[in-house]
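As structure tokens, the structure follows; a few thoughts come after it.
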Amino acid sequence: DKTIENDVALMILPHEVTGITYAQLNEDANEVGDEFRVIGWGTTSSGGKLSEILLEAEVDYVTNEQCNKAYSPYFDDDE
């Protein structure tokens with residue numbers, strides 16, 4: 001399955017988070033262009049082979065609208 005559904009992100013937070021099952025970004029606290037560090041074993045190109053080593057990159061924050069516009073072809077319309 002070559003979608004980006006069910007990908008996982010790991011964030012280092014400045015304080016402990018308790019009482020929730022997942023961490024959700026506070027969109028009001030971030031601005032377009034803020035940098036985030038991402039790690040994973042994903043591909044480095046569309047349709048590329050999964051990495052055998054853990055990769056790390058810095059990416060710019062984008063709004064949900066920008067993300068949906070760029071990546072909507074990869075999401076299942078039924079979900």
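A quick note: this is a predicted structure, and the numbers were derived from the prediction, not measured.
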The criterion is side-chain contact (heavy atoms from CB on, under 4.5 Å); which residues satisfy it with Glu56, sequence neighbours excluded? Arg37, Ile39

List the residues meeting side-chain hydrogen bond (donor to acceptor under 3.5 Å, both in side chains) with Glu35, not counting sequence neighbours, and say none if there are none. none

Which residues pass the salt bridge (charged side-chain N to carboxylate O under 4.0 Å, His left out) test with Glu16, not counting sequence neighbours? none

Using atom types as modelled and distance alone, determine if a side-chain donor or acceptor of Asp34 lies under 3.5 Å from a backbone N or O of Glu31. yes

Around atom CD of Glu52, are there more than 12 heavy atoms of other residues, nucleotides or ligands at under 6.0 Å? no

Residues in salt bridge (charged side-chain N to carboxylate O under 4.0 Å, His left out) contact with Lys69, at least two apart in sequence or another chain: none

Could you state whether Tyr61 and Val59 fall into the same hydrophobic cluster, counting links through intermediate Ile, Leu, Val, Met, Phe, Trp or Tyr residues with side-chain heavy atoms under 4.5 angstrom apart? yes

Checking Thr43 now: which residues fulfil side-chain contact (heavy atoms from CB on, under 4.5 Å) with it, not counting sequence neighbours? Leu50

Co-members of the apolar cluster containing Leu55 [side chain, <4.5 Å]: Ile53

